[in-house]
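In what follows, chains carry the letters A, B, and so on, assigned in the order in which the sequence lines appear, proteins first and then strands, with residues in each chain numbered from 1.
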Amino acid sequence: MKIQEKLREIARKLLAGGEAGVVIGYAAGSEVSRVVPAFISREEDVDRLVWNPLCINNLVKYLLDYRHEPGKVAVVVKGCDSRAIVRLLQDNQISREQVIILGISCPGLINPDLVAARLDPEAQIKAVTTSEQDFSLQTEREIFTFTRDEALLEKCRYCEHHTPVISDFIIGEEIPPTTPLDPFTAVKALEELPVEARSAYWDKQFSRCLRCYACRNVCPACTCRECIFDQAEPCWVTKANNLSENMAFHLIRAFHVAGRCVDCGECDRVCPVNIPLSLLNRKILKDVKELFNVPTPGTSLEELPALGIFTNSDPDEFM
Amino acid sequence: MRNCQCINPLKPYPATIIKIIDETPDVKSFQMVFDNPAVMENFRQKPGQVAQLSVFGVGEATISITSSPTRRGILEFSVKKVGMLTSALHRLEVGSKVGIRGPYGNHFPYEVMKGKDLLFIGGGIGLAPLRSLIDFVLAEENRGDYGKVEIIYGARSMDDLCFKYDILDRWPQMPGTTVYTTIDRAELGWEGHVGFVPAYLEEINPSPENKYAITCGPPIMIKFVLQALEKMGFADDQVITTLEMKMKCGIGKCGRCNIGSKYVCLDGPVFYLSQLKRLPPEF
Amino acid sequence: MKAYIMTGDNLGAWLDTLARDFTLIAPVKEEENVILFKPVKGFAEINLNYTNSTVSPKGWIFPQTEEMFYFSTAGGQINLTDVQAPRPAIIFGLRPCDIKGILTLDPVFNGAYPDPYYQNRRENTILVGLCCTRVERHCFCTSMGGGPTDGRGADLLVTEIDGGYGLEALTSRGEELIHRYQGYFTPDQHSRVILAREELGQKLAGQFTRTVDTTGVKEFLDQNFELPYWDEIARRCLGCGICTYICPTCHCFDIFDFAPDGERGVRSRCWDSCMFSHFTRMAGGHNPRPTQKERVRNRFLHKLKYHRDRYDLDGCVGCGRCVTKCPVNIDIRQIIADLQEVAQHA
């Protein structure tokens, strides 16, 4: 809970001194396994801020809502989320001066379904300890321990940046990069399949897409003023929900974020019908990395998106 | 409640454009006739109602019927080119095929208005829905039912005045009818009034006695017209307006034209000011 | 109301037969944690181990994309052709909340202008309900006037009982279905089915993790349109369509033409969402609900007030899907509770 206290302390100072107009962080949700994005602008509300292993949402995209507001905005980011800050900075969507980055050294998050399965939904988390082996959540009555093996959130198993890559404050002890699992295992397995099988796999996934656009709306690389999928004229993709239009949507979107996707995993999380969008985006991420020998997009401000720049050494075997 | 007699209210009837009038640089009036004479005969709209016009391959849009029901045998629609469907309509020619379904919505309370003077206040293309009632009231068979008719109409410029033939020639010659026309800014060749509609209304200062005021135009004009009418002593029940909302089905199902729990396509588009004031400000 | 009993084996055999005679739509496990209602060829494809499907089954009465008619403008003439009427269908395994969802949609697609597409499917679809056997943590049907064993609206209601299944015919159509396949059933002589269903209902009633009290909420909303509370909710809303698309009672749709060659095409309708910014935006740019605040408010007022104003029915059946799936934890149960609290302080 040290991180939570420290976070509140910094937020309080920022708001009291007028340095930030709002702090975007996490607050307790409607049940123990959920948190909600919280927008704290008054000192007396600072104690609503929480930090625990259920803080999965990437809050960075909310910065766009404050683009035209005066004053600075403070935002809580984990390592993975911090790459999204770099994304928005590189795309000139936000200015560095307007943002105060409250970086949290994140040891990994917990799968909320397991928490929901074991804890009373009305319970409140009073304290959290994480070790190399497990997470312990302490409620008013009990301590619930989950081993990392069983409970570590899938995306955290591939974590590249526990400590944010860009920040004004680092809260919690810096966690050096560990050796994660290979993020491309699933991509490679799919690549092994014959083309018909790959095609059938994606057909099945895309055919159940509802076209709710949650993946787009949550994505920190989706910042177009008017998305082509909302445009009536010209109509690139009709509103009809069928495999052809759904596939057009997903492939256009995947290519649009190619080389810019920061692999934060939010699209996977929000999809109501569990389409493995990360798998699609990671395939492109893998290709971009291999072709251009670049790190994961958003890793550093200096490293511009591979497909956003041109150098003479770019591969051109398709020419 | 139901006006449309079609078996399938979502399926339009084919119709043909028989005449196109260029009203302004971006407004055209289209006279249309259903291809099936029985459909034409059974289409009985009331002043203020709307229809859904189809350009097949492009889509549909809700357009008010600007011709009076007293004019049998054709339907007229005045359309400003603003979006995809209206642009497609503007590209059509005489003889082109379209689809029409309707009529939808409520209508101006022409029964209640009997024996009253009527004050019409329109701006730009906003005269189109009012025109169905004006021509209904001025039609020979109805004229005796209504008192004096005053029409205040304005547009940005001379070019932007719709229905020039009506406002400059035909209506002023009708018995008991006065037409006041204004344009926003002075220009060469215009000898009439210059200024915005709400200001002109205040200048004319019509008495609210035994009168209904019916207004339609751009939202900003309506806002100031309503204020002016209130100042002149018009009660909320004497003021009537007709609203424009994005609609798709026209029959209260697709869910987008609601203002609170009212659907503009079913419960509107015509509202008394007193009704509007009880609705949430989402229009 | 007549009740019947069937063995577990007979259920499978009966469903196999139904799949042969009708379009049989039933819950299918599409992926891990994804249950969808889909047409099946037989019992083997059906998954009965579910509480609520991921997406509501309303799409089988009101499809996400529905072709309305074909048009041709070739040769300067217009020809409109009706689409083929759907084959008679049976939806098997509807949970009580989803049956109530269909009852909630009925008046929307009826009224002064009956919607022929909806009516056609509705009349050609037999609804076979299935009582819940467990309550999930987001279920709150009892708070919205329903219940996990309240199958009103179904033609047939199935209840799991010891050693098999009980069936109750709630309509003449349900009765006819039983009659047609009578070899699979035996009449329930000792009211076993009703007793089992009532017992199950009582058992499940105590399992709801959260109940909400809607008393007075509509009346409060009648008087209070402007509430700063909606700003608070809207600020975190992503403006996606999840809640509206998985909802059993949302009915907004768009109509569009598709004519690749410019001459021959189809006019269809498809689900649309009041959460989308362009939903109400007019061609000229004016938008009566310009920000997410108005849009979020519209959705909750639709559920808690507007639907009651128009049809005297709650717009929410308490299935809990939006609670489960909202990525930013906009929880209608919490909203009802918060509105109660705001009302008390007003």
Original post:
Between C:R210 and A:E31, does at least one N-O distance fall below 4.0 Å, as a salt bridge requires?
Top reply: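 Looking at A:E31 together with C:R210, the answer is no, because their closest N to O distance does not fall below 4.0 Å.
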Original post:
Taking 4.0 angstrom as the limit, do C:R281 and A:E226 come out as a salt bridge?
Top reply: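 A:E226 and C:R281: salt-bridged.
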**OP:** Would you kindly say whether A:N241 and C:T65 are connected by a side-chain donor-acceptor distance under 3.5 Å?
**Re:**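 No, C:T65 and A:N241 have no side-chain donor paired with an acceptor closer than 3.5 Å.
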What residue, out of [options], has the most heavy-atom pairs lying under 4.5 Å from chain A?
| options | answer |
| --- | --- |
| C:N33, C:D331, C:L36, C:I246 | C:D331 |
| C:R235, C:M275, C:E67, C:E232 | C:R235 |
| C:F276, C:W271, C:F258 | C:F276 |
| C:G241, C:A337, C:P327 | C:P327 |

Portion of [X] that has a non-hydrogen atom of chain C nearer than 4.5 angstrom:
| X | answer |
| --- | --- |
| A:D230 | both |
| A:E266 | neither |
| A:R208 | side chain |
| A:Y26 | neither |
| A:P272 | both |
| A:T238 | side chain |

Least distance between heavy atoms, [X] atom then [Y] atom:
| X | Y | answer |
| --- | --- | --- |
| A:L210 | C:Q64 | O-NE2, 2.9 Å |
| A:S30 | C:N329 | N-OD1, 2.7 Å |
| A:R34 | C:V323 | NH1-O, 3.2 Å |

Original post:
Does A:Y62 reach the main-chain N or O of C:R236 with its side chain, forming a donor-acceptor pair under 3.5 Å?
Top reply: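 Answer holds: yes.
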**OP:** Keeping the roles fixed (side chain from A:N274, backbone from C:E31), state whether a donor-acceptor pair exists under 3.5 Å.
**Re:**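 No: the side chain of A:N274 does not pair with the backbone of C:E31.
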Tell me, for [X] versus chain A, whether the close heavy atoms (under 4.5 Å) come from the side chain, the backbone, both or neither.
| X | result |
| --- | --- |
| C:R137 | side chain |
| C:R269 | neither |
| C:I242 | both |
| C:C240 | both |
| C:E30 | both |
| C:T244 | neither |
| C:T209 | both |

Original post:
Side chains of C:L238 and A:R216: closer than 4.5 Å at any heavy-atom pair?
Top reply: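 They are not in side-chain contact.
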Would you say [X] has more than 12 foreign heavy atoms packed within less than 6.0 Å of its [atom1]?
| X | atom1 | answer |
| --- | --- | --- |
| C:E341 | CD | no |
| A:H256 | NE2 | no |
| A:E140 | CD | yes |

Original post:
For chain C, which of A:I56, A:V270, A:I24, A:V36 has the most heavy-atom pairs under 4.5 Å?
Top reply: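 Ranked by heavy-atom pairs under 4.5 Å with chain C, first place is A:V36.
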Subject >> Trace of the salt bridge (Lys or Arg N to Asp or Glu O under 4.0 Å) decision for C:D272 with A:K239 >> reply: CA-CA 9 Å; C:D272 206 342; A:K239 284 190 175 178; 3.1 Å; yes
**OP:** Hey, could you give me the SG/NZ distance between A:C271 and C:K325, rounded to the nearest 0.5 Å?
**Re:**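 One finds 7.5 Å between SG of A:C271 and NZ of C:K325.
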